[in-house]
Amino acid sequence: MSCPEVMTQTGLVRGFECNGVFKFRGVPYCKPTTGEGRFKPAQAAEAWDGVLDCTKETPIAPQGPSDLEGPMGPLNRRYDEDCLTLEISTPNVNEKLPVAVWFHGGANVSGAGNIDWYDGSELARQGHMVVVGVNFRIGALGFLVHPALNTDNLSIMDQIEALRWVQKNIHAFGGDPDNVTVFGQSAGGNAIVHMMGLEEADGLFQKAILESPSIGRGNHTMQDAITVSESIFKHLGLSATDPQLGEKIRSKSVDEILAATDACFKQDCGAKYAGMIFRPVKDEWHTTQATIDAAVKGAARKKLKIVIGTTADEVHAFTLARDPESEKKSAAMQLARYDWPAQEFAARTQEAGCPTWKYRFMWKAPDSVYDSCHTIELPFVFGTLKAWEKAAMLSGATQEEMLRLQKTMQTLWIKFFKDGEFDEQCWPQFSRKHPVHKIIDNEENGVSEVVFEQA
């Protein structure tokens with residue numbers, strides 16, 4: 001089965017066929033943000049002549065090592081500042097299929113939408129649907145905000161541009177622009193929550209799956225952003241008062257900016273901002289409650305259907321300390337950062353008229369020290385177990401039990417991608433009065449009421 005050439009609004013693209021799925025790699029949705037484009041909003045991709053070869057592996061966004069290499073394993077891929085691309089998997093370019101658009105996590109400093117962990121091929125094959133992985137600017141290149149340089153949330157703007165591209169072009173890949181689900185984990189989930197509140201994202205998606213969003217982190221104020229930015233300027237040997245700041249910082253190499261970011265994190269801001277120095281900047285959405293208020297209002301305006309959930313031991317991905325005092329701190333962090341905000345968000349969206357379902361991922365690998373940690377559901381959602389074979393969080397699990405869990409996760413997620421609802425007996429909707437969770441434990445996978453009390 002040969003892969004057809006597909007006509008986008010900017011030109012022809014050629015992909016390749018693999019096990020019954022057509023793959024298109026490195027499809028540009030915006031112009032490169034290199035040179036004078038650095039620290040500026042991305043512009044729409046320009047048209048090209050001929051056929052663009054989308055068959056080869058393309059770079060990820062510039063980044064340093066992830067703080068989750070312990071449970072997940074290392075991410076060894078070439079990076080480049082020219083990274084505003086999509087990876088598209090589709091079983092048929094001549095149908096009108098559900099579309100799932102993936103926004104990766106990584107604390108806004110690492111990750112990518114086009115890596116083997118998040119290969120959409122198996123989801124596309126099993127669900128007979130179109131899966132889109134998005135690369136967007138991260139780290140300082142996507143989140144550095146300072147009045148002397150840039151006041152836009154560039155990474156969020158990139159992600160909105162990707163969704164606009166999907167609306168205009170996904171029909172050519174066999175996708176239905178009126179049946180788009182965004183799904184994201186951790187910082188990717190946070191970005192979706194942020195986009196829910198933005199009017200410029202209205203009409204770009206109809207459903208959302210939020211996996212372990214750290215809603216409790218809120219957003220940065222402008223003063224927070226200035227503190228982080230001026231630390232990075234300092235480590236680059238620059239000053240915010242220099243009238244040539246823009247020219248000078250654009251002359252710095254990517255590796256110099258990454259090194260300055262690392263120094264900022266380790267020496268100045270990492271502890272101050274609880275390990276997440278880059279966040280969208282919006283003073284009025286600074287707190288957890290304000291973030292939820294804005295997202296709920298936007299979700300109701302967008303008439304969204306929503307799935308949201310957390311894992312039982314999110315924080316165990318970040319620390320190996322298991323003594324009683326450390327576990328007490330971990331439990332408090334999990335409650336404040338993940339569990340209570342997700343519960344409040346789910347209750348509020350349901351009250352605002354958005355059908356909402358909530359899950360609790362409980363399974364853990366028998367020999368893993370990380371338990372049911374942050375990110376552990378991802379191999380089973382994507383069906384990419386081979387790509388995760390070195391992940392310590394899966395230690396000791398048999399292929400049989402992992403394939404069983406993969407089938408469970410993909411059946412649930414695909415049902416939502418397609419229909420935006422679940423059978424009531426399988427997974428009832430969540431409400432404040434009936435806080436029903438789907439308990440994903442790879443045994444009964446039943447439902448149970450779970451309540452988290454605010455500290």
Side-chain angles (χ1 to χ4, degrees), residues 24-34 37-45 57-64 66 75 77-88 99-115 117-120 131-145 150 152-170 180-198 200-201 204-205 208 210-211 213-214 219-220 225 254 257-258 261 276-282:
F24 299 83
R25 291 175 165 168
V27 180
Y29 64 89
C30 278
K31 290 172 62 175
T33 53
T34 53
R38 182 186 283 179
F39 300 119
K40 293 181 181 179
Q43 303 300 309
E57 184 179 276
T58 53
I60 63 176
Q63 57 194 269
S66 167
L75 175 57
R77 279 284 293 273
R78 178 173 65 91
Y79 61 71
D80 194 285
E81 197 170 358
D82 179 4
C83 64
L84 300 187
T85 59
L86 306 173
E87 180 151 317
I88 302 170
V99 180
V101 183
W102 168 246
F103 296 99
H104 67 81
N108 293 324
V109 294
S110 64
N114 62 335
I115 54 179
W117 290 340
Y118 310 137
D119 184 347
V131 181
V132 182
V134 184
N135 278 348
F136 43 87
R137 284 176 284 183
I138 55 178
L141 296 170
F143 285 91
L144 193 147
V145 171
N150 162 63
D152 290 311
N153 288 312
L154 298 173
S155 183
I156 296 293
M157 294 174 73
D158 291 347
Q159 294 171 66
I160 290 173
E161 285 301 318
L163 289 170
R164 287 174 175 155
W165 187 98
V166 167
Q167 284 297 307
K168 295 173 183 176
N169 293 279
I170 206 64
V180 174
T181 306
V182 290
F183 69 126
Q185 187 266 347
S186 193
N190 292 4
I192 294 171
V193 169
H194 194 88
M195 287 189 285
M196 282 182 183
L198 297 176
E200 50 263 52
L204 299 182
F205 54 96
L210 305 170
E211 302 176 31
S214 55
N219 293 281
H220 270 342
V254 167
I257 291 174
L258 290 176
T261 300
M276 195 171 189
I277 63 173
F278 294 118
R279 307 176 198 184
V281 178
K282 202 168 181 69

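Note that the numbering runs from 1 along the sequence shown for the chain. Scope of the values below: all heavy atoms of this structure, side chains included, with no hydrogens, waters or symmetry mates.
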A140: partners by side chain to side chain contact (heavy atoms under 4.5 Å, CB included), with sequence neighbours left out |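 If we apply the side chain to side chain contact (heavy atoms under 4.5 Å, CB included) test to A140, skipping adjacent residues, the hits are L144, I232, I257, T261, F278.
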Side chain to side chain contact (heavy atoms under 4.5 Å, CB included) partners for V99, two or more places apart |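 With sequence neighbours excluded, V99 shows a side chain to side chain contact (heavy atoms under 4.5 Å, CB included) to V101, V130, V132, V166, I170, V180, given in chain and number order.
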Non-hydrogen side-chain atoms of [X] and [Y] separated by less than 4.5 Å:
{"X": "C83", "Y": "F136", "value": "no"}
{"X": "I138", "Y": "N108", "value": "no"}
{"X": "D82", "Y": "P59", "value": "no"}

Closest heavy-atom pair and its distance - A162, L86 |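 Answer, listing the atom of A162 first, then L86: CB-CD2, 4.1 Å.
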Over all atoms of both residues, closest heavy-atom pair of A42 and L84 =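 Closest heavy-atom pair between A42 and L84: CB-CD1, 3.6 Å.
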Suppose we screen for side-chain hydrogen bond (donor to acceptor under 3.5 Å, both in side chains). Which residues come up paired with [X], at least two apart in sequence or across chains?
{"X": "R279", "answer": "none"}
{"X": "H194", "answer": "N219"}
{"X": "Q63", "answer": "none"}
{"X": "E57", "answer": "R77"}

All ring pair (Phe, Tyr, Trp, His ring centres under 6.0 Å) counterparts of F183, not counting sequence neighbours |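 Counting only residues at least two positions away or on another chain, F183 forms a ring pair (Phe, Tyr, Trp, His ring centres under 6.0 Å) with W102, F382, F417.
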Who pairs with K168 by salt bridge (charged side-chain N to carboxylate O under 4.0 Å, His left out), at least two apart in sequence or on another chain?
->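 With sequence neighbours excluded, K168 shows a salt bridge (charged side-chain N to carboxylate O under 4.0 Å, His left out) to no residue whatsoever.
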What side-chain donor-acceptor pairs closer than 3.5 Å can you find for residues 25-33, not counting sequence neighbours?
residue	atom	partner	partner atom	Å
Y29	OH	N135	O	2.6
K31	NZ	E46	OE2	3.3

Return each pair, listed once, that meets salt bridge (Lys or Arg N to Asp or Glu O under 4.0 Å) where at least one residue sits in residues 134-144; pairs must be two or more places apart or across chains.
->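 Every salt bridge (Lys or Arg N to Asp or Glu O under 4.0 Å) pair that includes a residue of residues 134-144, provided the two are not neighbours, is R137-D158.
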